[in-house]
Each structure stands twice: as structure tokens, then as C-alpha cells.
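Convention: sequence-line order gives letters A, B, ...; per-chain numbering from 1.
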Amino acid sequence: MELVYSSILPRNFYRRDTITVAKELLGKFVVRVIGQDQLIGRIVEVEAYRGFDDPASHASHGMTPRTAPMFGEPGHAYVYFTYGNHHCLNVTTERIGVAGAVLIRALEPVEGINIMHRFRPHVSCVELTNGPGKLTKAFHIDKSLNEIDMTKRGPLFLKRGDSSEPVEMSRSVRIGISAGTDRLWRFFINGNQYVSRVLEGSRIRT
DNA sequence: GAGAAGATCTCCT
DNA sequence: GGAGATCTTCTCA
């Protein structure tokens, strides 16, 4: 467990350009601690959302009670409820006062898969976390975790991977938005079966 | 206070 | 592939 905590992503990781953070989050690990249990998933798909310059972002109209975390300290969780059914998990980026967040859209289950199945019974392993609403359900993430500091040990945080191997990724337009569709701010790991949807994109190598 | 929209998922055809 | 579920948030009067 100590090794897990020592590799938690620090505040400085998030206090950068949102697009850069989004790309570098691929291959990192989400850790959810529930009592004595630990759920871990590898990030395979993300989307970047910014502020006034991004019409698809909740923060495009400025700060509201809901979007306040996007303008706050980087490295915090921004969890919101949508379509009357689903929660979505974001991590805040940029410096204080500048809106930015990265939506975590899909994970590859690594540890605690049996517990994820408890929260999402009757689905295959691939279906557990291959979508923003699915992964929050499998990881038991809801608004009670909104604004939680993800740079400290707690119920939810992100950590580095064990290897520093380059990740081969692609980019595409973001999914489910009606504005800002000219921006290729969705990033996903090439060929990963846990990516939520396959869209035409361009390949990048880091 | 009312109405509309929404970063989704699942079931049914 | 299409439509319904379901409720929070925001805008406008």
C-alpha cells in the first residue's frame, strides 16, 4: 500500500495546460478505496474541457455553483450528475481561476474486478467501465466525492503506472457534444478494447 | 417558478 | 438504430 501512495500524481501534474494533462493521463491509474477494498483501473480514454474558449464546456458561461470546482485548485475531482441517471468523473486542471478539467471516459479494470461486478452485475468485464457513466457506477463514484483532493491519500486518487513505456494514442472529436466539435480533444489508447467508442481519429505517439 | 437542455445508458425492435 | 428513463442545472420571465 505504501508504494501506491508514494506514486500519487502531485499537484504540479495538474497545474498545466488541460490538453497536455489529458494526454498524459492515459496509462495512469484511478484508485478507489472503499473500506478495506481497493479498486484500480487504468485510464484508456479521456476528454479535455476548458473554459470561456470552449463552447462544449460547462464552464463556457463562467462560474456557477456546479462548475466552481473547474475554476478551483487543480487536482480535485469534479463529479456531476447528468441525464437523470449518470455521474461523470473529471479531474480539475490549470491554475486557480482558470477553468479546466479532464473527463475520464473509460478505464481498463486492473484490481477489485469482483467488487466492480457487485456494483454493475450481469455485464461482461469489458462492459464494466467502457463509458463515463459505467465507470462511475462500477467504482461507486457519486457527488459525495465532488471536489475531493485527488493528490492525497483518500477514497479517490490517481497514481503513476509501474512502467514509463510510451503510450500509443489517437485523438478525435469529443463525444455527445453539439458545440466545439472542431476540436480534437478526445484522446484514447490505440486498439484498447475498453475504449467506449471507436471514431475516426489521427494517431499520435508520445 | 417553469421550461428546456443535457459531456449517458439500456432496453426494445 | 431509436427512444425512453430520470433529475440536476441553468436561463428566462
Enquirer: Are the side chains of A/Asp54 and A/Trp185 in contact, using a 4.5 Å heavy-atom criterion?
Expert: yes

Enquirer: If we ignore angles and hydrogens, is there a donor and acceptor under 3.5 Å between the side chains of A/Ser57 and A/Arg50?
Expert: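 Not at all, the side chains of A/Ser57 and A/Arg50 share no donor-acceptor pair under 3.5 Å.
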
Enquirer: How many whole angstroms separate atom CD1 of A/Ile175 from atom P of B/dC9?
Expert: 9 Å

Enquirer: Tell me the interatomic distance from A/His87, atom NE2, to C/dT6, atom P, rounded to whole angstroms.
Expert: 15 Å

Enquirer: Can you check the A/Lys134 NZ to B/dT10 C1' distance for me, whole Å?
Expert: 9 Å

Enquirer: I need the CG-P distance between A/Asn90 and B/dG6, as an integer number of Å.
Expert: 17 Å

Enquirer: State, without any angle test, whether A/Glu94 and A/Thr18 hold a side-chain donor-acceptor pair at a distance under 3.5 Å.
Expert: yes

Enquirer: Checking contacts here: which listed nucleotide (B/dC9, B/dG6, C/dT9) is nearest the side-chain heavy atoms of A/Thr64?
Expert: C/dT9

Enquirer: Using a 4.0 Å heavy-atom cut-off, does A/Lys137 contact any base of the nucleic acid, only the sugar-phosphate backbone, or nothing at all?
Expert: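 The answer is nothing, as A/Lys137 stays clear of every strand by at least 4.0 Å.
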
Enquirer: What's A/Gly84 touching, base or sugar-phosphate or nothing? Going by heavy atoms closer than 4.0 Å.
Expert: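 Counting heavy atoms under 4.0 Å across all strands, the contact made by A/Gly84 includes a base.
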
Enquirer: Mind checking A/Phe81 for me? I need base, sugar-phosphate or nothing, with any heavy atom below 4.0 Å counting as a touch.
Expert: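 Touches sugar-phosphate only.
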
Enquirer: Can you tell me how far C1' of C/dC7 sits from CG of A/Asn85, to the nearest Å?
Expert: 8 Å

Enquirer: Check if the side chain of A/Tyr80 and the base of B/dA7 share a donor-acceptor pair of N or O atoms closer than 3.5 Å.
Expert: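 Present.
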
Enquirer: For A/Asn130 and B/dA7, what is the distance between atoms CG and P respectively, to the nearest whole Å?
Expert: 20 Å

Enquirer: What would the secondary structure line of DNA chain B be in dot-bracket form, counting Watson-Crick and G-U wobble pairs under 3.5 Å, with [ ] for pairs that cross earlier ones and | for pairs with another strand?
Expert: ||||||.|||||.

Enquirer: Please determine, for the side chain of A/Arg66, which listed nucleotide (C/dT9, C/dC7, B/dA7) has the closest atom?
Expert: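 Ranking C/dT9, C/dC7, B/dA7 by closest atom to the A/Arg66 side chain puts C/dT9 first.
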
Enquirer: Among A/Arg183, A/Arg105, A/Arg171, whose salt bridge (charged side-chain N to carboxylate O under 4.0 Å, His left out) with A/Glu47 holds?
Expert: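 Going through A/Arg183, A/Arg105, A/Arg171 one by one, the salt bridge (charged side-chain N to carboxylate O under 4.0 Å, His left out) with A/Glu47 is satisfied by A/Arg105 alone.
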
Enquirer: Return no unless some side-chain N or O of A/Arg186 is found under 4.0 Å from OP1 or OP2 of B/dA7.
Expert: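 Looking at the OP1 and OP2 atoms of B/dA7, neither is under 4.0 Å from any side-chain N or O of A/Arg186.
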
Enquirer: For the backbone of A/Val79 and the side chain of A/Asn146, can you confirm whether one donor and one acceptor N or O come within less than 3.5 Å of each other?
Expert: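 Judged by distance alone, yes, a pair lies under 3.5 Å.
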
Enquirer: Measure from the side chain of A/His86, starting at C-beta and using heavy atoms only, and say which of B/dT8, B/dG6, C/dA5 lies closest.
Expert: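 From the listed options, B/dT8 comes nearest.
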
Enquirer: Would you kindly give the CG-to-P distance between A/Leu128 and B/dC9, to the nearest whole Å?
Expert: 13 Å

Enquirer: Do the numbers put A/Arg186 on top of the ring of A/Phe188, so that NZ or CZ is under 6.0 Å from the six-membered ring centre and no more than 45° off the axis?
Expert: yes

Enquirer: Could you identify which residues of residues 44-63 of chain A place a heavy atom less than 4.0 Å from some atom of DNA chain B, listed by residue number, or say none?
Expert: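 The answer is A/Tyr49, A/Ala56, A/His58.
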
Enquirer: Is there a side-chain contact (heavy atoms from CB on, under 4.5 Å) between A/Leu89 and A/Phe139 once you walk through the steps?
Expert: CA-CA 10 Å; A/Leu89 171 65; A/Phe139 274 62; over 6 Å; no

Enquirer: Is the positively charged end of A/Arg174 above the ring of A/Tyr49, judged by distance under 6.0 angstrom from the centroid and angle within 45° of the axis?
Expert: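 Because its charged atom sits under 6.0 Å from the ring centre and within 45° of the axis, A/Arg174 does stack over A/Tyr49.
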
Enquirer: Roughly how far, to the nearest 0.5 Å, is the CZ atom of A/Arg32 from the CZ atom of A/Phe119?
Expert: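 So the gap between those two atoms works out to 7.5 Å.
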
Enquirer: Let's go through A/Ser7 and A/Arg160 carefully: what are the C-alpha distance in whole Å and the side-chain angles of both, what is the deciding distance for side-chain hydrogen bond (donor to acceptor under 3.5 Å, both in side chains) to 0.1 Å, and is it a yes or a no?
Expert: CA-CA 6 Å; A/Ser7 57; A/Arg160 280 188 286 274; 5.8 Å; no

Enquirer: Look at the side chain of A/Pro65 and decide which nucleotide, out of C/dC10, B/dA7, B/dC9, has an atom nearest to it.
Expert: C/dC10

Enquirer: Of all the nucleotides listed (C/dT8, B/dA7, B/dT10), which has the minimum atom distance to the side chain of A/Lys143?
Expert: C/dT8

Enquirer: Scan A/Ile177 against the nucleic acid and name what it touches under 4.0 Å (heavy atoms): base, sugar-phosphate only, or nothing.
Expert: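 Since only primed, P, OP1 and OP2 atoms lie under 4.0 Å of A/Ile177, the category is sugar-phosphate.
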
Enquirer: Nearest-Å distance, NE2 (A/His122) to C1' (B/dC11)?
Expert: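 After rounding, the gap between these two atoms is 15 Å.
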
